[in-house]
Amino acid sequence: MRKWEDMEVLLIGNGRLVEALIDRLNKNGDRVYLLTGQRESRHLRQRVFEKYNFSYDNDSVKDIYDSIKPDITIFAGAWDSHFNWQKARQESVRYTAALINILTAYSMLGRGRFIYFSSQEVFSGSFPQNLPESWKPAPKNLRSMAIAQGEEICANYRQNQGLDIRILRLDHLYCVPEKGRPEADPCGVMCMQALKSGKIFASDRDVFSMLFVKDAAELSYKAIAAPELAQPVYHISAMEEINGVELAELIQDAMGKGVEVVEESVGEVHRVVLDGSAFAEKLGQKIFTHYPEGVKQVAQFMKRHRESFIQAEDAGGSWAARLLHRVRVILAALVPYVENILCFVGVFFLNHYTAGNGFFDRVDFFLLYVLLFAVTLGQRQAVLSGLLASAGYCLQQMYYRSGFEVLLDFNLYVWMAQIFIVGMVVGYIKDQLHTIKQESQDEIAYLENRLEDLTEINDSNVRMKENFEVQLVNQKDSLGKIYDITSILERQAPEEVLFTAVQTLAQLMECGGAAIYTVANRDYARLFSSISREARSLGNSIKYSAMTEMYRELKERRVFINKTMQEKLPLMASAVYSGEEMQLIFMLWGIPWQRMTMAEANRLAVIGQMVQSAVVRATRYLDALSSQRYVDGTRLMAGDAFRQLAGAFLRARDQGLTECALLEIPVSGKSRSAVVSALSEGIRQSDYMGSDGGDTVYILLSNTNEENAGLVMERFRAAGYNSSLLKEVAL
C-alpha cells in the first residue's frame, strides 16, 4: 500500500481533536474537506478546503463521497462534540445510524482508508496491567456501548468487504477548551469543580493516563498516512500513569490560592491504561506535552476565562447574580399562569358589572375567556381557564343565593360541563393543529434542506471544477504545465536537447539530482548529462544490466523505485524506448521518502513519454553528426558539425550539466590519416574529434574534467603530439 502525499481527506466531526487534525493535515499540504454534521457550524480557526454542514445520516453523504473521492476518511467518533451524550439513549441511536450511513457511502466508493476514533471508554473495570489491542472491549454504559458497537461495525465492513478500515483508540484525551465550552475529560472536570466551588474532589484510587490533544493529532497522523498497518486496531497512549489526587494537585498549583483538594480515597482501585507499545514500535512515538505543562495550560486558561465557564447560580458567582438567575427562572415558568389569572380577574369584573344589562344579557364572558385561552395556548391552559371560570361563576351566584343552593343547582353543573367540554375540545384541536403544522414545517424544512444540500454540493463542485481548471493550466504538477515546459525541448537545438532535458526532468520532478544515461549496448550506458555531484556518483559508465532490481523494472517498462534505499542505485529511474530498444535511462536522486509513491512514479512515466520524442530526435541527430559527417570516412568530423557539437557541450558545462574538456593539437606537416589513426587510439568511443580544415585538430573529451584531461594529454604527448586546453570553441 502506498503512502499518501497531498491527500484528499474527508474529516467528519467537531471538537478540539478535529481542529488539531485539521491543523496537522494543513501543515502536510493535504486537502481537507470537513463534514460538520449540523446545519450551522461554529467558526473554525483552521482552514479547510470545503465545509459541508450536513447531518451525518443525510442522504447527501453519498453525494459528498462521489464528489470528493477522498483518499482518507476520518470519523472523530468517540471524540466528536457534535453528539450530546446527556440524552444517551437517543444519541446512541443517532451515533450508530450516522456511522452506518457514512460507512455505506465509503464502501460504495470502494477506495481509500477509513479511520475510526475510539477511546478507552470501551473498557470498564480495573486492570493491573496496561491493556493491549487484543483485549475484548467491555463497555458499561450507553455511550461506551455505542462506541464499542461502532468498532464492531467497522470490523464487519473491513472483514466482509475487504476495506481498509482502521480503529485508533485514544487514551483519556485532554485539551485547552473553548470559552464557555468545558470538556468532559478528567482535567476539565476537576478544573470546573475548582471554578464552581473552590474544591476538587479526587481519589488516588483512580489511575489513568492522559494524552494532550496536539500529541494525539500528531501520533494519529502517523497511522493515517502510514503505507501499511499490520493491525486493524491500535492504542495511542502516553502510558504515563497519574491518579486523581496527583492531577488535582497539579491543577491546584496552576490555579493558585483558593482551591482546596478534597481526597475521597475509598473503594477499590479503578485503573484503565491503554498499552500503546505496538503503535510506538511500528510508527514511533514521542510525547511533547507532559502533565505539568499540559495541565497548567488548561487550568490557567479556564481560570483566566472563568466567567465564560461558570453560571450565575454557581458558587463561583456573586449572591446577587445567583438570586437574579433564580428569579428569572421562576418568572419564566410562571408567566403563562400569571397571564391566565390576570385575564380571569378582568373577565370576572367585566361579567359582574354587565350583569342585568339587557345588551350583554346573552353574552357569556366566562365561555369567551375559556375559548380564548384554549385557542391561543392549548388544552393545558384551557383546563386552568375552565377551573377559574367555574370558581368565578359560583362566586357570583353566591351574591344572590346561598352556597348550598348553588351546589344543588343542576344548571350550574350543566354549564360547567359545557365550559370544560368546549375548552378541552378546542384546546385539543389547537394542539393537534399545532402538531400538524409543526410536522408540515419539519417536512418542508427537510425538503428545503435537501434542496440546499444539493445546491451547495453543486456549487462546491463548480468551484472545485474552476479550481482544477486553473490548476490544470497553472500548477507545477499539471499536464498543462508539463507540456509548457517540455515544449521548450522542441525549440532547442538538437545538440542541446539532452542537456535541457535533464533540467526539465529535475524541475518537473522537484528533485535535487537528475541524470540522463545514453544506452551504448545491452549491458552498458554512458552518462550524458546531470545536475549534481550525487547524480554523477555512479560514474561515467555503468553496467546497468548488473543492477538487477532496477534492470528488472526497466526491462518491463516500469518505473523503478528504490524502496530499500540501496546506496548504489538511484532513488527512482525510468527508461525511454525507441521501438524495442532502450535508448535512455532517467535517474533521480534527492527525493524525500514520502514522495517515493506510485503517484510520483506515474508522473515520471508521463514526463518520460513527453520528453521521449524530442530526446530521441536529438539522439538520432547527434548520431548523424558523428557517423555521417566524417571526413574521408575517418573519425574526424567536419568543422561546422564539430563546432555545433562542441559549443553545446561547453555551454552545458558552464551550466553544470556535464563535464567536458576541449583540446587543441597542432599537426603541421603530418599526414591527416596518420594523425587521425594515432589520436583515435588515445580517446574513447564517446569522445569527438574535429578539424578546422587547416593544421589543427580538436578533441572533445565528454564526461572528463581538466584533471582527467591531463592524463589524455600525457598519452598524446607520448605519441608525439602536444596539446593544450581550450576554454571555448576557436575553430
Side-chain angles (χ1 to χ4, degrees), residues 495-496 498-499 515-521 523-530 533 536-543 619 621-731:
E495 303 86 0
E496 299 179 343
L498 283 179
F499 301 120
I516 295 180
Y517 281 80
T518 58
V519 176
N521 51 50
D523 290 319
Y524 287 91
R526 296 191 302 269
L527 178 65
F528 190 89
S529 59
S530 60
R533 179 176 298 178
R536 294 187 285 272
S537 61
L538 297 183
N540 294 331
S541 180
I542 61 171
K543 187 177 182 181
T619 304
Y621 182 82
L622 293 177
D623 289 342
L625 286 178
S626 61
S627 62
Q628 298 178 9
R629 297 190 180 185
Y630 291 151
V631 176
D632 299 331
T634 66
R635 289 194 62 183
L636 187 66
M637 297 178 63
D640 291 340
F642 184 80
R643 186 183 301 110
Q644 295 176 9
L645 181 65
F649 269 87
L650 292 177
R651 286 191 294 273
R653 181 191 64 184
D654 295 339
Q655 297 175 14
L657 302 179
T658 190
E659 293 181 335
C660 66
L662 182 61
L663 303 180
E664 180 184 43
I665 305 173
V667 293
S668 176
K670 297 182 180 180
S671 169
R672 175 179 292 177
S673 60
V675 170
V676 172
S677 177
L679 295 179
S680 297
E681 294 179 358
I683 62 176
R684 301 163 300 181
Q685 188 67 27
S686 58
D687 298 330
Y688 303 92
M689 183 189 307
S691 173
D692 59 356
D695 296 330
T696 304
V697 173
Y698 299 90
I699 302 293
L700 178 64
L701 303 175
S702 63
N703 293 312
T704 303
N705 54 29
E706 293 185 0
E707 181 181 352
N708 293 332
L711 301 177
V712 179
M713 295 169 67
E714 288 292 333
R715 195 179 306 147
F716 288 160
R717 189 177 296 112
Y721 298 91
N722 293 323
S723 58
S724 60
L725 281 170
L726 292 180
K727 296 297 184 182
E728 59 184 16
V729 181
L731 69 159

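What you are looking at is a predicted structure, and each value in this text was computed from that prediction instead of being measured. The residues of the chain are indexed from 1 along the displayed sequence.
A distance of 4.5 Å separates CG of L538 from OH of Y517, quoted to the nearest 0.5 Å. Put simply, CD on E659 and CG on L527 are 8.5 Å apart, with the number rounded to the nearest 0.5 Å. Expressed to the nearest 0.5 Å, how far CD1 of I516 lies from OG of S529 amounts to 4.0 Å. To the nearest 0.5 Å, atoms OH (Y524) and CD1 (I542) are separated by 10.5 Å. For the atom pair CG of D523 and NZ of K543, the computed distance is 5.5 Å after rounding to the nearest 0.5 Å. For the atom pair CG (L679) and CD1 (I665), the distance works out to 4.5 Å, reported to the nearest 0.5 Å.
N722 meets the side-chain hydrogen bond (donor to acceptor under 3.5 Å, both in side chains) test with no other residue; sequence neighbours excluded. Every residue meeting the side chain to side chain contact (heavy atoms under 4.5 Å, CB included) condition with S680, not counting sequence neighbours, appears here in chain and number order: R635, V676, M689. Partners of R717 according to the salt bridge (Lys or Arg N to Asp or Glu O under 4.0 Å) rule, which considers only residues two or more places apart in sequence or in another chain, are E714. D687 pairs by the side chain to side chain contact (heavy atoms under 4.5 Å, CB included) definition with I683, R684, L701, S702, not counting sequence neighbours. With sequence neighbours left out, R536 forms a side-chain hydrogen bond (donor to acceptor under 3.5 Å, both in side chains) with S530.
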Take L663 and L725 through the side-chain contact (heavy atoms from CB on, under 4.5 Å) test and state the conclusion after the steps. CA-CA 5 Å; L663 303 180; L725 281 170; 3.3 Å; yes
Would T658 and F528 count as a side-chain contact (heavy atoms from CB on, under 4.5 Å) here? Give the steps. CA-CA 7 Å; T658 190; F528 190 89; over 6 Å; no
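By the 4.5 Å heavy-atom criterion applied to side chains, V697 and Y721 are not counted as neighbours.
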